Structure formats: structure tokens, C-alpha cells
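One structure is given below, encoded as C-alpha cells.
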2 protein chains.
Amino acid sequence: MPRLVGQIDQVKSEAILDAASDVLGERGLGASIEAIARRAAVSKQTIYNHFGCKTALIEALVARRVSHITAPLRVSGAAEHPIETLTALAQTLIEIVSNVRAYSLIRVTVQGAGSMPELAKAVFEAGPATTRALIADYLAAETQAGRMAVDDPMEAAEFFAGMCSGHRQFRALMGMEVNADPDQIAHLAQTVAKRFFRAYAP
Amino acid sequence: MPRLVGQIDQVKSEAILDAASDVLGERGLGASIEAIARRAAVSKQTIYNHFGCKTALIEALVARRVSHITAPLRVSGAAEHPIETLTALAQTLIEIVSNVRAYSLIRVTVQGAGSMPELAKAVFEAGPATTRALIADYLAAETQAGRMAVDDPMEAAEFFAGMCSGHRQFRALMGMEVNADPDQIAHLAQTVAKRFFRAYAP
DNA sequence: GGTCAAATGGACTGATGCGTCCAAAAATCA
DNA sequence: TGATTTTTGGACGCATCAGTCCATTTGACC
């Protein structure tokens, strides 16, 4: 383990955040700092040395993960037929919503919405809001190019995202099992793309 | 206040549940029994006399509210054009998702998903699952009648519900403001119905 | 007016958990 | 090796809260 003079070990910080992610995911916001410390094989005091308080720890955790949420969501080839691009988009969105790991963190945010509302807003901005804007841009461009006919891109993007998440979001939040079979996700993504395109075809 | 011999006052039970709904909605699952007792203008002991323990209180609360969630959702005239029926359905669904009061309870369920998973499942069954089945039945009937072309009614129903909830569900869960302007809801419901019908027209 | 179930409220237990303190140990650097 | 910083682990204070206990009061019913 390398060490930087006068600085607190970065590697240990990461280990603590990993452990916090796991334990909070399992036990929810009620998980104790001690449990996180045990999981990280670190003393409780060390966590306080690194993060100051529980709220700061959770903020750091969310900030770190939040950038990963929409990272895989990129609009690839604009030259393809819209259905192909939409299928790829839907596939990524459904995978995100089916990712129990990502959602365990969102569940923590929901639990803490009362005590840390700014965190909830940050997650919303980084997640759904960014996603919607990205999809809306794509839809607007396709409409411009005459390949689709979307009058209200933001609204349509929200419909698209809603079709992708369906009940999966609800189930994930409730801690229920979510079907993450790759074949079924792929098939579902195709259907979403097909139906959505039909709803907004020129 | 009427009183029945040998029975615990029903009116007081209702008052307790109302107070619990309010306080839990504001403070989340962490709200204390004492706070609920204060709000209900009742002693803590009375709550225990009525419900036994906190978990039972929350179960009673959810059970009472859950029946209200899908109560307004009825498929009315099958003689109308599908778009009209779909608009009415969408309107009701959007109103439910925009109802902060109803969602404060769902937030409590999310918070308690770890400690009372069967409750989460019950809410899912009573809410989204029932809704989906109801919509799916309608879509199947319309397809049978040749007015729509829905190959997979359950899947389509989930798309429909997803379009209605959009980001509202997420925002409500996060404790963020949700636009509940009746005019905008009505307009949104029409758009959902129009686009959905286009996606599944014969 | 007397009876009895229910309500009250206040004290109490036990558990949990955040955050602090501190002296000893370990790791790092010079 | 010696100086410095971090880590450790355990004890501790403080607060909150679920749930219990109980003596007293209230109020509906006869």
C-alpha cells in the first residue's frame, strides 16, 4: 500500500466506499458505521478520519457511483435506422434498471430523501434527467433528418424511458427480484424500440 | 364518540392510522411512535393497545391505503373508441403517481423493504400488478374486437403504465415536487393514449 | 351513581447507533 | 534508527426509540 505524506490513503478510501456500498445495499440506510468498518476490515475511527460523518460518507458514495449510472448510455451511430439505435438505447436503459447493485444505492437515496434532499436531487439530475435530455436530443435530430416525427422530444424521451423501466424500477426499489436474463432483456429492448418507433414514425 | 363494550374504539383506530400516515409521510419510517401518538392526540400506550407493535401498525396502514390505490382505476365504456378509454385510464394512472399522499406511503414501504419484504410484495401486488392485469385485460378485449392489435397484452400494459408514470414515480419517491396541474395532466393523458394507440393500432 | 373496560401519561428497560477520546501499535519517511 | 502520521480497538457519552409497566382518570353503560 503506497502512502502519500500528509495525505490520507486513497486506496483505503476506495475500500471503505466499496464496503459501504455493499453494506448499505444489504441493510439500507440503517446500516451502522461499525458494520461498514468490519466489512472494510478497518476501524470505525478510520472511517471518521476519512469522511468526517455518515452523511459525508454517503454523499461521497453517491457522487462516486452517480457518474457510472449514465456512463454506458451513449448514442452511437446516427447513420443506422432509428430502430437499431433505439434498440441499443433501450437495452442499456433496461440493463441499468435491472442492475440490482446500482439500485441498492438509489434505494439508499430514497430512504434518505427526508434527511438529505439535495442528495436525492443530485441523483435525479445525474440519472433520469441526464438520460432524458440525451434521448431527447437524439429524437430531435432524427426528426430534423425526417426519419422520425417527434413533436415534443422531452416528453417522448420520458415515454421511452418509462417503457424501458416499466415495473422493473418499482420492483428494484422494493427489493424484489428483477428478471435480468440477457435474452429476455434483448427481446424486450427490441419490442420497446419497435413500438416506440411506430408511435413516432413520420 | 360511540363505544362498543369489550371492543377497542374503531374511530380512534382510524385517527391513529391517519396520524401515522401523516407523520410517516413526513419523517419516513424512522418516525417514532410517540410522534404519531402526539399527532393523533392519543397516548403511546393506546397505540400499542390497538396495534400491538410498530410493524403491525404499518401493515394496517398499508392494508388500508392499498385498497384505495387502484380503486379509482376502472375500465368504463368498452363501446367508446379505444383512445377515449385509454385517455381516461392514463389520466387516473398519472393522478395516482402524482398523488404525494399515496406515494409517501410507498416511500415508507421502500424504506422498510429490508425489514418487511412481504409488505413490499403486497404493495406491488395490490398496486402495479393489479393495474397491469386490468389494463392487459382491456387490451386483449380490444384486440379480440379488432380495434387494436396487441400481441402481448401484459407487456403492452406495462409499457402503458411506464409511459404514464415516467419520471413522476422517481421524483415522488425521492420526495421531490411533482407537477400535479390538472390541465397538464389531462393533456399528458391524451398524448399517452394517442401515441400508445398508434403503436398498437391494427 | 356504581362498574368496568379503555385511555392516560410518565417512568423505566434495553438496545442500538452516532460520534469522540485516547493510548498503544503499525506503517512510512528521512 | 528516529520522527511523524495513520491506524487500531476499545471504552465512553449522549441521544433516540421500541416496547413495558402501572397507578390514575375518563367515560360509556346499566
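Note that the coordinates shown come from a computational prediction; the quantities given were computed from them, not determined experimentally.
- Side-chain polar atoms of A/Gln45 and A/Asn49 form a donor-acceptor pair below 3.5 angstrom.
- With DNA chain D read from its 5' end, the first of the two nearest nucleotides for A/Glu34 and A/Thr46 is the one closest to A/Thr46.
- The side chain of B/Asn49 sits closest to C/dA7 out of C/dA7, D/dT7, D/dG19.
- Distance B/Tyr48 OH to D/dC17 P: 12 Å, rounded to the nearest Å.
- Salt-bridge check for A/Glu14 with A/Arg64: passed, with a basic side-chain N closer than 4.0 Å to an acidic carboxylate O.
- At whole-Å resolution of the value, NZ in B/Lys54 and C1' in D/dT20 are 17 Å apart.
- Here the P atom of nucleotide D/dT16 and the CZ atom of B/Arg27 are 11 Å apart, to the nearest Å.
- Here B/Glu155 does not pair with A/Arg195 in a salt bridge; the nearest charged N to carboxylate O distance is not below 4.0 Å.
- For the OP1/OP2 pair of D/dT7 and a distance below 4.0 Å, the side-chain nitrogens and oxygens of A/His50 include at least one atom meeting the criterion.
- Remark: C1' of D/dA28 and NZ of B/Lys12 are 12 Å apart, rounded to the nearest angstrom.
- In this structure, CD1 of B/Ile58 is placed 14 Å from P of D/dC17, rounded to the nearest angstrom.
- Here the P atom of nucleotide D/dG10 and the CZ atom of A/Arg38 are 12 Å apart, to the nearest Å.
- Between B/Leu29 atom CG and D/dA18 atom C1' there is a gap of 12 Å when expressed in whole angstrom units.
- Ring pair B/Phe170/A/Phe124 is tilted by interplanar angle, where 30° to 60° counts as tilted.
- In terms of phosphate contacts, B/Ser43 brings no side-chain nitrogen or oxygen within less than 4.0 Å of OP1 or OP2 of C/dG9.
- Counting only distance, with no hydrogens or angles, the side chain of A/Thr130 and the backbone of A/Glu125 share a donor-acceptor pair below 3.5 Å.
- Considering only side-chain atoms of A/Ser32, the nucleotide from D/dT7, C/dG17, C/dA7 that sits closest is C/dG17.
- Counting non-hydrogen atoms under 4.0 angstrom, B/Ala31 reaches the backbone sugars and phosphates but no base.
- Not a single donor-acceptor contact under 3.5 angstrom links the side-chain atoms of B/Lys44 to the base of C/dG9.
- We find that CD1 of B/Ile16 is positioned 10 Å from C1' of C/dA7, with the value rounded to whole Å.
- Under 3.5 Å, the side chain of A/Gln45 and the base of C/dC21 form at least one donor-acceptor pair of N or O atoms.
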